[in-house]
Peer 1: 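Please read through the structure below; I'll follow up with questions.
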Amino acid sequence: MTDQEVGLFLADLAVIILLARLLGMAAKRLGQPPVLGEVIAGILLGPTLFHGRITTTLFPSTLRPPLTALADLGVVMFMFAVGYLLDLHLIRGRERVAASVSVGSIILPLSLGVGLGLWLASRHHVHKVLPFALFVGTAMSVTAFPVLARILTDRNMHRTRIGSIALASAATDDVLAWSLLAVVVAIVEPGSQQFRLLLAPVYAGVMFALVRPLLRRLVDVYQLRGRLTPNVLAVVLAGLLLSSYATTWMGLKYFFGAFLFGVVMPRDGAAAALREEILDRLEQVSVLMLLPVFFVVSGLSVNLSSVGLSGLVELCLILLVAVVGKFGGAFIGASLGGFRGRRAGVLATLMNTRGLTTIVILSVGLQLHILDQSLYSLMIVMAVVTTMMAGPLLRLIYPDRFVARDIAEADRAALGTAAGHRILVLIEAPETAAPLVDIGAALAASREHSQLILCHLVAQEHDTRSEDATGLGGELRETAGTTGNLEALANRASARGVSAVVRSPFSQDIAAELPGYVAAAEPDTIVLGPGSPIRETLAADGAVQLITVLRRLPEAPSAVAALWTRGEDGAAAILVAAQLAVADQLKLVISPAGGRRASLAAGLTRDGIAASDGPPPSGAIVVAADADSSGDAHLTVRAGTREASDDLDQRIQDLDRSSLIGQR
């Protein structure tokens with residue numbers, strides 16, 4: 001490349017980035033995924049407008065190869081992210097309905113697409129009719145998992161049962177669709193590489209059996225260093241590129257290797273945080289530059305100016321087959337899976353989403369000369385239209401009031417209804433929540449049939465989140481990372497013999513939505529940190545006992561001290577102190593000494609709890625009534641009617657007697 005060509009190349013990149021961002025922001029304002037605006041930016045820079053003068057001026061033939069190389073690298077990054085975000089655990093527990101929806105949304109559009117392909121083959125003088133028809137059917141069958149996930153997170157639907165089923169169905173659909181495409185590619189380009197294709201199943205087995213365990217060592221390095229190091233990222237990038245090369249050598253396309261490498265990357269438990277950091281790093285480059293270049297390279301082959309009446313007829317049929325096939329197949333599959341009416345329509349609408357995934361498949365068809373330029377252009381329009389219609393149609397079929405109702409139902413179902421005593425720990429920052437979890441676990445351990453719930457609402461930052469073209473915008477990754485932190489806290493509770501339910505829903509307005517979530521959980525006791533903005537809101541009805549943890553607890557407490565005062569809050573403080581003493585087999589001290597405190601201590605001793613009156617011992621956990629939050633208190637208690645704290649003697653009798661062994 002000459003200096004002049006290098007200068008134009010750099011100017012082209014600047015134009016691509018700016019136009020993609022501007023149209024992506026415009027699409028978002030219109031309630032559409034930003035990726036649609038970026039796709040349209042690529043079409044506008046193509047030969048559709050001004051008889052192709054923009055294309056010939058900005059993108060001469062000498063610049064096409066380097067732009068295509070960048071575009072291919074963008075696809076590699078995108079397919080890696082898709083594979084990395086494809087969580088097959090989504091399918092667990094939903095196998096029947098997910099299989100029904102995904103198979104239905106594959107078979108009908110595939111069948112109709114093959115029929116359409118046979119009709120189009122004669123009109124476009126196609127020589128290899130079978131692979132052409134199969135390719136058209138495959139393009140009609142795909143669901144864009146990332147864009148679907150973005151739509152769900154934008155509306156908080158990933159918290160609902162129907163949203164989780166849609167994700168599971170789309171995950172299954174993706175696997176089936178990419179398998180179909182691999183078959184088509186193998187049919188179109190067998191040649192001398194046909195024997196190499198036989199190595200593809202072997203390669204997949206090696207990736208899962210050998211490479212995947214080796215990649216788990218990256219998690220150990222990540223945890224040891226506490227951050228994503230350049231060496232770890234270099235290993236991931238090298239493995240990604242080598243996997244892409246391997247599938248290319250076998251006769252499959254490079255993005256199959258990228259997708260497979262993403263699938264085998266570790267993602268469970270502590271690996272969730274590593275996944276978030278890796279994807280954040282890669283998407284800053286791929287989203288801002290590489291994928292917009294891919295859209296432009298794809299748009300250079302889209303020429304809608306030459307579409308005549310015949311092309312409009314073909315476009316109408318393509319749209320009809322795409323919408324009817326995908327929507328109808330998913331609707332039938334959902335109905336067979338037990339969904340009816342509105343909810344089946346919701347699943348069908350979501351499965352009809354295509355977006356960038358379909359454009360990647362269509363670009364393969366163009367590269368392999370399965371599609372000519374005119375048909376490729378029409379199929380790109382189909383991908384844009386079907387993605388564009390998903391959001392408005394979903395809002396029509398599934399209004400916000402139904403989403404709110406289903407979120408509440410899902411929360412109640414996840415938390416269960418069998419617990420005799422429910423303790424909800426509200427976590428603002430998982431990294432500082434250990435004292436709250438310790439208190440909640442101790443309370444649960446002290447009484448039979450107790451349930452401990454760890455809840456952390458994840459803030460949905462619309463203004464700062466990454467607008468990535470994988471469609472997730474970071475929300476599900478952030479949720480996965482937070483859930484990993486909460487699982488570590490749940491393990492902390494498990495060490496005390498208490499099983500904890502972990503909940504990490506998304507929220508656009510935590511202060512406004514948290515009271516509704518708490519109401520759905522129906523807790524008896526809430527444990528929270530100091531300065532919570534909704535503390536008074538939660539205490540307003542007086543039904544729930546509130547325990548506020550003011551500061552870190554002693555690592556090896558010598559006792560539990562209750563600062564007694566008259567009234568319900570004072571009685572509740574003694575009850576909580578007694579529960580903590582029972583759970584950790586500690587002595588209970590009621591302060592100050594003498595009077596009513598001495599008789600309370602004697603009564604507790606008769607009930608099997610080693611109690612006395614006196615000043616708080618050094619190293620003791622100090623519990624106070626809510627109105628008496630002195631500087632010595634570690635936590636304060638506000639009584640709630642569900643705890644019936646006025647009947648102290650009966651509540652002491654309800655404590656788990658098996659924990660009292662060794663205290664007397």
Peer 1: Between T358 and T387, is a side-chain contact (heavy atoms from CB on, under 4.5 Å) present by the stated rule, with each step listed?
Peer 2: CA-CA 10 Å; T358 301; T387 303; over 6 Å; no
Peer 1: Indicate yes or no: at least one non-hydrogen side-chain atom of F256 is less than 4.5 angstrom from one of M250.
Peer 2: no
Peer 1: Does the pair L288 and R21 meet the rule for a side-chain contact (heavy atoms from CB on, under 4.5 Å), with working shown?
Peer 2: CA-CA 8 Å; L288 290 178; R21 295 305 294 172; 3.9 Å; yes
Peer 1: Donor-acceptor pair, S243 side chain versus G239 backbone, under 3.5 Å?
Peer 2: no
Peer 1: If you define the side chain from C-beta out and look only at heavy atoms, does anything of T143 sit under 4.5 Å from K326?
Peer 2: yes
Peer 1: Taking C-beta and beyond as the side chain, do T247 and F255 meet within less than 4.5 Å on heavy atoms?
Peer 2: no
Peer 1: Where do D72 and Q367 come nearest, in terms of heavy atoms and distance?
Peer 2: OD1-NE2, 4.3 Å
Peer 1: Keeping T248 on the side-chain end and S244 on the backbone end, is there a donor-acceptor pair under 3.5 Å?
Peer 2: yes
Peer 1: Quick one, V235 with V221, criterion side-chain contact (heavy atoms from CB on, under 4.5 Å). Give me CA distance, side-chain angles, the key distance, then yes/no.
Peer 2: CA-CA 12 Å; V235 170; V221 176; over 6 Å; no
Peer 1: Determine yes or no for a side-chain-to-main-chain donor-acceptor pair under 3.5 angstrom, with S105 supplying the side chain and G329 the backbone.
Peer 2: no
Peer 1: Does any part of the side chain of R267, heavy atoms only, come nearer than 4.5 Å to the side chain of E276, both counted from C-beta?
Peer 2: no
Peer 1: When rounded to the nearest 0.5 angstrom, what is the spacing between CG in N352 and CE in M140?
Peer 2: 10.5 Å
Peer 1: Going from CE on M77 to CG on L241, what distance comes out if it is rounded to the nearest 0.5 angstrom?
Peer 2: 6.5 Å
Peer 1: I need the F208 CZ to Y203 OH distance, nearest 0.5 Å.
Peer 2: 11.0 Å
Peer 1: Do L282 and L237 pass the side-chain contact (heavy atoms from CB on, under 4.5 Å) test, and can you show the C-alpha distance, the side-chain angles, and the key distance before you say yes or no?
Peer 2: CA-CA 9 Å; L282 297 185; L237 288 173; 3.6 Å; yes
Peer 1: Going by side-chain contact (heavy atoms from CB on, under 4.5 Å), V527 matches just one of D438, I453, L436, L424. Which one?
Peer 2: L436
Peer 1: I need the L350 CG to L393 CG distance, nearest 0.5 Å.
Peer 2: 9.5 Å
Peer 1: Which value, rounded to the nearest 0.5 Å, describes the distance between L215 atom CG and R212 atom CZ?
Peer 2: 9.5 Å
Peer 1: A side-chain contact here means heavy atoms from C-beta on lying under 4.5 Å apart; do F261 and L242 qualify?
Peer 2: no
Peer 1: Looking at every non-hydrogen atom in both residues, tell me the closest pair between A27 and P33 and how far apart they are.
Peer 2: CB-O, 3.7 Å
Peer 1: Between the main-chain N or O of P266 and the side-chain N or O of R216, is there a donor-acceptor pair closer than 3.5 Å?
Peer 2: no
Peer 1: State, with a plain yes or no, whether a side-chain heavy atom of I278 is found less than 4.5 Å away from one of M265.
Peer 2: yes
Peer 1: Would you mind reporting whether F295 and I16 have side-chain heavy atoms less than 4.5 Å apart?
Peer 2: no
Peer 1: Looking at CD1 of I165 and OG of S102, how far apart are the two atoms once the value is rounded to the nearest 0.5 Å?
Peer 2: 12.0 Å
Peer 1: Taking all atoms of both residues into account, what is the closest heavy-atom pair of A71 and V297, and its distance?
Peer 2: CB-CG2, 3.9 Å
Peer 1: Looking at every non-hydrogen atom in both residues, tell me the closest pair between G74 and L290 and how far apart they are.
Peer 2: CA-CB, 3.5 Å
Peer 1: Which pair of non-hydrogen atoms, one from G337 and one from V97, has the smallest distance, and what is that distance?
Peer 2: O-CG2, 4.0 Å
Peer 1: Do you know which two heavy atoms are closest between A444 and I423, and how far apart they sit?
Peer 2: N-CD1, 3.4 Å
Peer 1: Check whether any side-chain heavy atom of T138 sits under 4.5 Å from a side-chain heavy atom of S141, and report yes or no.
Peer 2: no
Peer 1: Tell me whether E38 contacts the main-chain N or O of G24 through its side chain, where contact means a donor paired with an acceptor under 3.5 Å.
Peer 2: no
